[in-house]
There are 2 protein chains.
Amino acid sequence: MERAVRELWAESRDLLGLHSPDAAAVPRAGSPPTPLAFLRDHVSPGRPLLLSSAATQHWPAASLWPTDSYLAEALRSTQVSLHLTPDGRADALAPHPRPRRPGDKCFASAHVRQVDFPTAVRLIRGSDPGSGLVAYAQQQDDCLRGEYAAVAGDVDAHVPWATEALGCLPEAVNLWIGSACSQTSFHKDHYDNIYAVVSGEKHFLLLPPTEHHRLYVRNYPAARYVAEQEEQDGELRLKLEVEEPERIVPWSSVDPYPTSPEEMAAQVSSFPLYFEGPRPIHCTVRAGEMLYLPSMWFHHVSQSPGPNGLTIAVNYWYDMHFDIKYAYFNFLRSFDIGEHSSRKTDALEGDLEETNC
Amino acid sequence: MERAVRELWAESRDLLGLHSPDAAAVPRAGSPPTPLAFLRDHVSPGRPLLLSSAATQHWPAASLWPTDSYLAEALRSTQVSLHLTPDGRADALAPHPRPRRPGDKCFASAHVRQVDFPTAVRLIRGSDPGSGLVAYAQQQDDCLRGEYAAVAGDVDAHVPWATEALGCLPEAVNLWIGSACSQTSFHKDHYDNIYAVVSGEKHFLLLPPTEHHRLYVRNYPAARYVAEQEEQDGELRLKLEVEEPERIVPWSSVDPYPTSPEEMAAQVSSFPLYFEGPRPIHCTVRAGEMLYLPSMWFHHVSQSPGPNGLTIAVNYWYDMHFDIKYAYFNFLRSFDIGEHSSRKTDALEGDLEETNC
């Protein structure tokens with residue numbers, strides 16, 4: 001069985017034009033595709049596309065948002081959702097606060113609070129895992145058209161060639177403002193995703209849906225960072241609490257960038273299909289560029305700030321078309337590869353939640 | 001494993017909108033789709049489409065070809081390829097002429113000869129399995145633009161909305177002239193197929209690629225009908241000869257319309273995944289109508305003649321795009337489902353040849 005799955009990995013990368021290490025790069029284009037070419041060459045086969053900054057050069061945001069003052073002024077009295085974690089890893093695995101066995105992990109969500117935008121930017125710029133507080137302004141609820149409506153007109157309301165190709169307007173348009181301290185763990189979304197960077201860079205690690213088993217999706221109890229002791233000393237401290245009643249989240253066990261050599265050794269030994277299999281596809285999206293990330297692709301995202309100290313991005317989520325590819329994916333997922341028989345494997349029946357992008 | 005495969009069948013039919021017995025019909029449209037809608041709603045998900053006669057009403061062939069005299073006149077001195085079999089079953093399984101074990105079968109191809117068009121029509125109209133001779137004018141080598149070039153201008157040279165959607169011109173355009181005596185056994189093609197009926201009706205039985213195992217693709221020795229004894233009495237007799245050196249053809253073992261109750265009982269008992277699984281999708285394409293048959297779909301075709309005694313059809317083969325769906329199909333095909341361990345199963349590694357449509 002494992003041989004058949006490995007052959008599937010090789011053949012799908014080959015057919016995607018991503019087989020050899022040298023060719024393992026996302027296809028690039030200098031200008032946006034026609035809707036037909038986008039649909040035929042990227043959406044239908046599930047093939048990413050990286051567009052040059054020609055894609056967003058007409059956006060007022062392209063020149064306005066990277067400046068220091070524009071967003072602060074436009075949003076000076078706007079309340080926004082700020083996601084707080086001690087280490088920049090929200091919606092990611094973290095050590096279980098009350099482990100039954102050594103090394104038990106949980107799925108940790110950020111502490112979210114409403115703050116005014118200037119405070120959010122100050123906390124994002126001051127993010128420091130050393131001091132235990134990393135801030136990320138984001139909310140995956142169509143927030144650009146909600147909380148950030150005052151600046152939504154600075155970008156296209158939708159991506160015209162994608163809208164025409166996919167036959168629908170985006171379900172959500174989200175704004176992301178963070179720093180180098182924040183990263184997003186491996187997951188997939190049930191959306192076709194157009195991801196535009198306005199300031200700084202986003203670094204994607206990508207795996208096609210066929211490589212599901214390399215992510216070691218397992219069930220983890222949901223937990224959430226809560227703020228404590230802030231009344232006493234005015235400082236915000238975050239503490240991880242497991243949700244009650246228990247809620248289980250199937251999530252990838254793989255951390256491609258562990259923070260210590262010991263953790264790296266543990267990762268390599270525990271998740272050989274990831275660390276020894278074909279290399280993930282790296283893709284850096286620079287300010288002005290736009291990435292088409294097909295639905296169901298696994299992605300891990302880290303970021304670098306622009307000269308303004310911020311990474312700013314906008315993404316458009318279009319509802320995916322559930323078709324025979326999705327049925328095939330579920331068939332593939334039903335097999336138990338790379339897991340030891342001593343482990344419960346019902347995580348494989350579950351689905352990665354649609355959080356983060 | 002078999003459970004996972006059955007779930008794949010159910011989910012893919014569900015996502016194709018073909019799940020319930022009542023809905024198990026090919027989607028219909030009154031007028032040709034836009035290229036974008038065709039690509040998005042049919043090619044990309046692999047979903048057939050049946051178009052009303054509006055699709056071909058502008059073809060001169062629509063009015064000219066069904067008449068008795070037009071084609072005979074236009075092609076009166078044209079040599080065409082006529083496929084001859086005793087029973088109308090070319091590129092189909094037949095009893096092996098030298099069986100090692102009772103019931104052994106081979107893959108039988110027609111005896112092909114060049115005759116002038118009026119003779120071809122006379123033999124097609126006179127086809128009779130009772131007398132051991134069935135004729136079918138066809139040649140899957142772009143024959144409309146080859147042998148039948150004199151009338152090729154009576155139909156569109158390509159299907160504009162399909163050409164625009166698929167980004168290429170058809171690889172082949174074929175003409176098919178037959179009678180009710182001819183049928184085409186279950187197979188699939190590595191082409192996106194647009195099938196237009198000009199006279200009579202074509203009756204398709206369809207199964208999506210996910211239902212591969214229901215076809216019991218096995219390896220058969222290739223054989224060919226040869227003509228014999230015609231010198232003596234002027235009559236054409238066909239005899240099946242196994243090819244030398246041996247050539248193996250992977251082909252579906254299933255005959256949905258066996259000719260005797262005994263053979264039907266043998267089929268049902270030998271191929272339960274076909275006969276007891278979800279019903280194949282029936283689709284009758286009437287004169288003037290056009291069927292889009294996605295690449296990799298299994299199809300069995302039988303036909304009824306029009307008032308002129310002939311079934312006439314034109315099909316356009318567009319090169320398929322090999323993408324992740326194809327990789328998933330090969331993954332699925334690598335599993336040994338519905339076969340007994342006593343049998344050699346390397347047929348499952350092979351591929352149905354691209355013959356017939």
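In what follows, chains are A, B, ... by sequence order, proteins preceding strands, each numbered from 1. Only this structure's heavy atoms are used, side chains among them; waters, hydrogens and symmetry mates stay out. Quick caveat, the model's predicted, so the values are computed rather than measured.
Between chain A and the options B:P35, B:G46, B:A165, B:S12, the largest number of non-hydrogen pairs under 4.5 Å is found for B:A165.
A side-chain donor-acceptor contact under 3.5 Å links B:H299 and B:D189. When only modelled atom types and interatomic distance are considered, A:S253 and A:Y220 share a side-chain donor-acceptor pair under 3.5 Å.
The pair A:E289-A:K202 fails the salt-bridge criterion, with no side-chain N (NZ, NE, NH1 or NH2) lying under 4.0 Å from an Asp/Glu carboxylate O.
For the pair B:R218 and B:W251, the cation does not sit on the ring face, since its NZ or CZ is not both under 6.0 Å from the ring centre and inside 45° of the axis.
Heavy atoms of B:L166 lying under 4.5 Å from chain A belong exclusively to its backbone. In this structure, the portion of A:F331 lying under 4.5 Å from any heavy atom of chain B is its side chain and not its backbone.
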